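Comments concern the structure below.
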There are 2 protein chains.
Amino acid sequence: MTSNAKQGENSVPHPDVPGRPCSAAAALQLVGERWALLAIREIFYGNRRFDRIVRNTGAPRDRLAARLRALEEAGVVERRPYSERPLRFEYHLTGAGLDLAPVMHALLAWGDRWAVDAPPVAFRHRGAPGSDHDAEHDLDPVTMCRTCGEEARSGGLTIDVRAPGWDRAGPIEGV
Amino acid sequence: MTSNAKQGENSVPHPDVPGRPCSAAAALQLVGERWALLAIREIFYGNRRFDRIVRNTGAPRDRLAARLRALEEAGVVERRPYSERPLRFEYHLTGAGLDLAPVMHALLAWGDRWAVDAPPVAFRHRGAPGSDHDAEHDLDPVTMCRTCGEEARSGGLTIDVRAPGWDRAGPIEGV
DNA sequence: ATGGGTCGGTTTGAAATTCCAACTGTCATG
DNA sequence: CATGACAGTTGGAATTTCAAACCGACCCAT
């Protein structure tokens, strides 16, 4: 669980994970700490300055400062100066950060369904202009398979563990 | 941030969240603690017994016991006896738990792309028998909009904050 | 019946992390 | 010169986490 710094082609460090080798665990290692995703949410919303993020997430200032540093180190956010004199920074999402949108949408959809009475926020969605669906409507996210265009139903999925020494049930004995 | 217990129609308690009212924050309140999603991952994989989950997640036993209790309380997992004498339980996902699949897929996809060298696990996907795409292939999850059938591109989305007293930027002044 | 092994935890005490409130430093504005 | 905005940092207390050992119920083999 040492936070090593193997670099992929895309400048995000590859964390070690406890237990089973797993991309979701690796993802959580980078963005799963407390306050991290809420900070990212605010940046998604366009609130890029420290005080705004503190106010809108409710995070303690020192924790937020630490999280933003960690996220910067993780290559998920980027700190850009918006003023010299006094030197001030704002936080932007990198490509990796923007790529968290599906995670946010999935969490939001789950929370809408299971964790709140009425959705406190919705995303209004409009297809490409001229397309069939250019009327604005609430986004209702479903995860589909890009390869075949069908919905990912749990029934149609099987697990294929490729990490050496592991299978679905756990570490393979006698290795 | 008191963990109140308003019940929705579906038996999952609705947590209070710090900062902006937000379904994603509410979701994280229930399943965002350390080890929670990894435990859920193992249950998804069919590893339902305590020792297996400990082994495959690497979580400390006491933490895992606490997390599973919290997830049970949150209505995400269910404890079912699989043996009397000695009395033993295994953990199953409830409807709310199964509904976390899109979150897991999104995290996994993000991790595959940004946090590991080579995906340690893939989901093999097969469409409905007789459909166009019944050849097995790796699931490549994309989030689409159920309403219009188009991909949720960040360009086509705008935020609509419906929580009273809040807007995109934060709490509305003078309320 | 004794000793070992399994399973699902609980207990303990130390270590790490988090929280809160106050503080700092730099600058702009009036 | 005083006030306020902004972006943190600091200190100390409170909470959470961790690792490792332990426990109780049971099964099985000797």
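The model shown is predicted, which means the values in this text are computed figures rather than measured ones. Note on naming: letters A, B, ... go to the chains in the order of the sequence lines (proteins, then strands), and numbering restarts at 1 for each one. No hydrogens, no waters, no symmetry mates; every other heavy atom, side chains included, goes into these values.
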Cationic N near anionic O, under 4.0 Å, [X] to [Y]:
X       : Y       : result
R48(A)  : E42(A)  : no
R80(B)  : E78(B)  : yes
R162(A) : D138(B) : yes

Closer to the 5' end of DNA chain D via nearest nucleotide, is it A59(B) or E90(A)?
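Between the two, 5'-proximity favours E90(A).
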Taking side chain as C-beta onward, heavy atoms only, is [X] less than 4.5 Å from [Y]?
X       : Y       : answer
H137(A) : C148(B) : yes
W166(A) : C22(A)  : no
L108(A) : F123(A) : yes

Protein proximity profile, nucleotides 25-30 of chain C - base contact B, sugar-phosphate-only contact S, no contact -, cut-off 4.0 Å on heavy atoms
BBSS--
Take the protein atom [atom1] of [X] and the nucleotide atom [atom2] of [N], then report the distance between them rounded to whole Å.
X      : N       : atom1 : atom2 : answer
L68(B) : dC7(C)  : CG    : C1'   : 14 Å
R80(A) : dA7(D)  : CZ    : P     : 15 Å
L64(A) : dC6(D)  : CG    : C1'   : 14 Å
E72(B) : dG8(C)  : CD    : C1'   : 14 Å
Y82(A) : dG8(D)  : OH    : C1'   : 11 Å
F50(B) : dC23(D) : CZ    : C1'   : 14 Å
R48(B) : dC7(C)  : CZ    : C1'   : 18 Å

Establish, with yes or no, whether the OP1 or OP2 oxygen of [N] is under 4.0 angstrom from a side-chain nitrogen or oxygen of [X].
X      : N       : value
R69(B) : dG8(C)  : no
W35(A) : dT18(C) : no
R67(B) : dT17(D) : yes
R34(A) : dC19(C) : yes
R55(B) : dT6(C)  : no
R63(B) : dA19(D) : no

Verdict with supporting geometry, R79(B) and E90(B), salt bridge (charged side-chain N to carboxylate O under 4.0 Å, His left out)
CA-CA 6 Å; R79(B) 215 156 76 113; E90(B) 56 189 10; over 6 Å; no
From the set dT11(C), dG11(D), dG8(D), return the single nucleotide nearest to any side-chain atom of D62(B).
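The answer is dT11(C).
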At a heavy-atom distance below 4.0 Å, what parts of residues 19-27 of chain B sit against DNA chain D?
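Under 4.0 Å from DNA chain D: no residue of residues 19-27 of chain B.
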For residues 57-69 of chain A, which residue pairs qualify under salt bridge (Lys or Arg N to Asp or Glu O under 4.0 Å), counting only residues two or more places apart or in two chains?
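Non-adjacent pairs meeting salt bridge (Lys or Arg N to Asp or Glu O under 4.0 Å): E33(A)-R67(A), D51(A)-R61(A).
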For the side chain of D51(A) and the base of dA5(D), is some donor closer than 3.5 Å to an acceptor across the two?
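Answer is no: no donor-acceptor pair is held.
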Can you say whether a donor on the side chain of R49(A) sits under 3.5 Å from an acceptor on the base of dA7(D), or the other way round?
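No, no donor-acceptor pair under 3.5 Å.
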From CG (L107(B)) to CG (L100(A)), nearest 0.5 Å
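Between atom CG of L107(B) and atom CG of L100(A) there are 8.5 Å.
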Over all strands shown, is R52(A) touching base, sugar-phosphate only, or nothing at heavy-atom distances under 4.0 angstrom?
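Result for R52(A) = nothing.
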Does a donor on one side chain sit under 3.5 Å from an acceptor on the other, for T147(A) and D140(B)?
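Side chains of T147(A) and D140(B): no pair found under 3.5 Å.
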